[in-house]
K.L.:
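Before I ask anything, let me first share the structure, which is written out below as structure tokens.
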Protein chains: 2
Amino acid sequence: MKKFKIVIVDDHLLFSNSLKKLIESFGDYEISNQLVNGRQFVDYIQSSNEAPDLVLLDVQMPVMDGIETMAWLSDNRPDQKVLILSMTDDETTIIQLLKLGAKGYILKDIDPSKFKLAIEKVIHSGFYHSELISSIMLDEMNRNHEKVNPLNEKEIEFLTKICSDKTYKEIAGEMYLSPKTIDGYRANLFKKLNVKSRVGLAMYAIKSGLFKI
Amino acid sequence: MKKFKIVIVDDHLLFSNSLKKLIESFGDYEISNQLVNGRQFVDYIQSSNEAPDLVLLDVQMPVMDGIETMAWLSDNRPDQKVLILSMTDDETTIIQLLKLGAKGYILKDIDPSKFKLAIEKVIHSGFYHSELISSIMLDEMNRNHEKVNPLNEKEIEFLTKICSDKTYKEIAGEMYLSPKTIDGYRANLFKKLNVKSRVGLAMYAIKSGLFKI
DNA sequence: ATTTGATACAGGAAAAACCCCTTTTGAGTC
DNA sequence: GACTCAAAAGGGGTTTTTCCTGTATCAAAT
């Protein structure tokens, strides 16, 4: 029987290569390629004439992260099956990725047997919903009416600059905007992300992978 | 030939189990145990009558992190060979771990062949110094005379509380200290860690694993 | 017995962050 | 052209953070 083809996208080569061994030990799968960021992955997908049966995608990557990559896939290969591999259980991130069409989301502290199950489910049933995901999706449904919080370009740029010793005035300078505008972004983000201080923003930026430590 | 015994301490089971496969594929090694935090590891070492040839130790762990674990080893099993597996290249952390007797420090984005080399070097030569480590150690030597920055108990407790929306006054309340004392800790840490704002402290707390996201 | 050093704490002030409320601008709609 | 809506910017005020300098205490070193 032909083996299912899996592609791994993760910047930690040690993890990526180790994971390859683990997956190969399951028997039914082969790793057709390993990429260290979204950019490389996109290049690979575009130059390849055969779509992988499954993509294992890391969220935190220095160059083109999981969310950007997922956004590209959603535009260009909407049917590609993707299982997200992440280290954070940040709700906003999870919801964002699921909305972009990810078929499953698992944390790296999952045990191998569950991981195997997740792979099987995504390839054969089209999705894998752990208890974590299910409960988050439920929450999301329940507060469906409260408008959600899509961050815009400027807010995202602002967030990438928040994890530093820079003052808001300095950030305003870098973005060629008035300090008052930045103050507006700040206030908006406080509401959207439900935090009360700049440190809260910084935590979000890290959790969401917007800022790479 | 008898295989070398390796123990993996890492809270990410998926990584830990994958790594096991990778290491086993090298041929000369066997994974004698896998633990998900320092506490478990200490229990294991104490109950075991045979020391492993090598411990692969993660830095960021929720319960008893790499630094605490290394400190325990330094007191109780000073000759145990340990190779640190980390995701951060924070200098202070690296220096701290090396001073506690770690025989090597590698980042998780290392490629497998280098990883294999690192294992071999630590087991057979007693240490592995990548270019990264070497340069950091050199830096450390060069500014040898500037007194280093051992953080004390209170400062560490303070740092664990910094990654929040709390004000300093609130933190002072939690620690039963005057806000002015907290202000003193802050000023000291600014100097020791070479940052200029509370966000800088938060970044350090995360990078060093003091605060788990 | 004095010095030294670390720790807790204070006064006071400037800068930055936080908050609320209003105005301007610009792009798209009717 | 008038209308709407969101982004950009400003006025002005409170709180928090940051910074500098200085004092009281206690224990260890000389």
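Quick caveat, the model's predicted, so the values are computed rather than measured. Chain letters run A, B, ... following the sequence lines, proteins first, then strands; residues in each count from 1.
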K.L.:
In whole Å, I'd like the distance from the NZ atom of K191(B) to the P atom of dT7(C).
P.N.:
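Spelled out: NZ on K191(B) to P on dT7(C) is 13 Å.
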K.L.:
Looking at S208(B), is its backbone amide N or carbonyl O close enough to the side chain of D90(B) to form a donor-acceptor pair, meaning the two atoms are under 3.5 Å apart?
P.N.:
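No: the side chain of D90(B) does not pair with the backbone of S208(B).
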K.L.:
Report all interatomic pairs (protein N or O, nucleotide N or O of nucleotides 12-14 of chain D) with separations under 3.5 Å.
P.N.:
from	atom 1	to	atom 2	distance (Å)
dG12(D)	O6	K180(A)	NZ	2.3

K.L.:
Under 4.0 Å, counting only non-hydrogen atoms across every strand here, what does T181(A) touch: a base, just sugar-phosphate, or nothing?
P.N.:
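Base contact.
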K.L.:
Hey, does the side chain of S16(B) reach the backbone of H12(B) with a donor-acceptor pair shorter than 3.5 angstrom?
P.N.:
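Answer holds: no.
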K.L.:
Just checking Y176(A): base, sugar-phosphate only, or nothing, at a heavy-atom cut-off of under 4.0 Å?
P.N.:
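Here Y176(A) touches no strand at all.
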K.L.:
Verify the contact: side-chain N or O of Y185(B) to OP1 or OP2 of dA8(C), cut-off strictly under 4.0 Å; return yes or no.
P.N.:
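The answer is yes; a side-chain N or O of Y185(B) sits under 4.0 Å from OP1 or OP2.
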K.L.:
Quick one: L177(B) CG to dT7(C) P, roughly how many Å, whole number?
P.N.:
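Value for this atom pair: 12 Å.
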K.L.:
Atom CG of N188(B) to atom P of dA8(C): distance rounded to whole Å?
P.N.:
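Answer to the nearest Å: 10 Å.
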K.L.:
Hey, could you give me the CG/NZ distance between L13(B) and K108(A), rounded to the nearest 0.5 Å?
P.N.:
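Between atom CG of L13(B) and atom NZ of K108(A) there are 13.5 Å.
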K.L.:
Would you say K121(A) has more than 12 foreign heavy atoms packed within less than 6.0 Å of its NZ?
P.N.:
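Open: at most 12 neighbouring heavy atoms sit under 6.0 Å from NZ of K121(A).
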K.L.:
Quick check: does any side chain N or O of S48(A) sit under 3.5 Å from a backbone N or O of E50(A), one acting as donor and the other as acceptor?
P.N.:
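Side chain of S48(A) to backbone of E50(A), a donor-acceptor pair under 3.5 Å: yes, one is there.
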K.L.:
Given I8(A), which of L56(A), V55(A), L57(A) fulfils the side chain to side chain contact (heavy atoms under 4.5 Å, CB included) condition?
P.N.:
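So the option named by the test is L56(A).
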K.L.:
Looking only at heavy atoms, what is the nearest atom pair of E68(B) and V63(B), with distance?
P.N.:
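Looking at all heavy atoms of both residues, the closest pair is OE2-O, 4.2 Å.
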K.L.:
Where along residues 152-159 of chain B does a heavy atom fall under 4.0 Å from DNA chain D?
P.N.:
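Heavy-atom cutoff 4.0 Å gives no residues at all.
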K.L.:
Scan nucleotides 15-17 of chain C against the protein and return all N/O pairs shorter than 3.5 Å with their distances rounded to 0.1 Å.
P.N.:
from	atom 1	to	atom 2	distance (Å)
dA17(C)	OP1	R198(A)	NH1	3.0
dA17(C)	OP2	Y168(A)	N	2.8

K.L.:
Would you mind reading off the distance between K196(A) atom NZ and dT16(D) atom P, rounded to a whole angstrom?
P.N.:
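Interatomic distance, NZ of K196(A) to P of dT16(D): 13 Å.
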K.L.:
Could you tell me the separation between the CD atom of E170(B) and the P atom of dC18(C), rounded to a whole number of Å?
P.N.:
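These atoms are roughly 13 Å apart.
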K.L.:
More than 12 foreign heavy atoms under 6.0 Å from CG of N194(B): is that the case here?
P.N.:
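Atom CG in N194(B) is not crowded, with 12 or fewer foreign heavy atoms closer than 6.0 Å.
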K.L.:
When the distance from CD1 of I171(B) to P of dA8(C) is rounded to whole Å, what number comes out?
P.N.:
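Whole-Å distance recorded here is 16 Å.
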K.L.:
Please give, in whole Å, the distance from dC19(D) P to L201(B) CG?
P.N.:
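About 10 Å, once rounded to whole Å.
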K.L.:
Keeping E155(A) on the side-chain end and N152(A) on the backbone end, is there a donor-acceptor pair under 3.5 Å?
P.N.:
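Judged by distance alone, yes, a pair lies under 3.5 Å.
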K.L.:
Any non-hydrogen side-chain atom of M70(A) less than 4.5 Å from a side-chain atom of I67(A)?
P.N.:
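A side-chain contact under 4.5 Å is absent here.
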K.L.:
Within this structure, what is the CG-CG distance for the pair L117(B) and D111(B), rounded to the nearest 0.5 Å?
P.N.:
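Going from the CG atom of L117(B) to the CG atom of D111(B) covers 10.0 Å.
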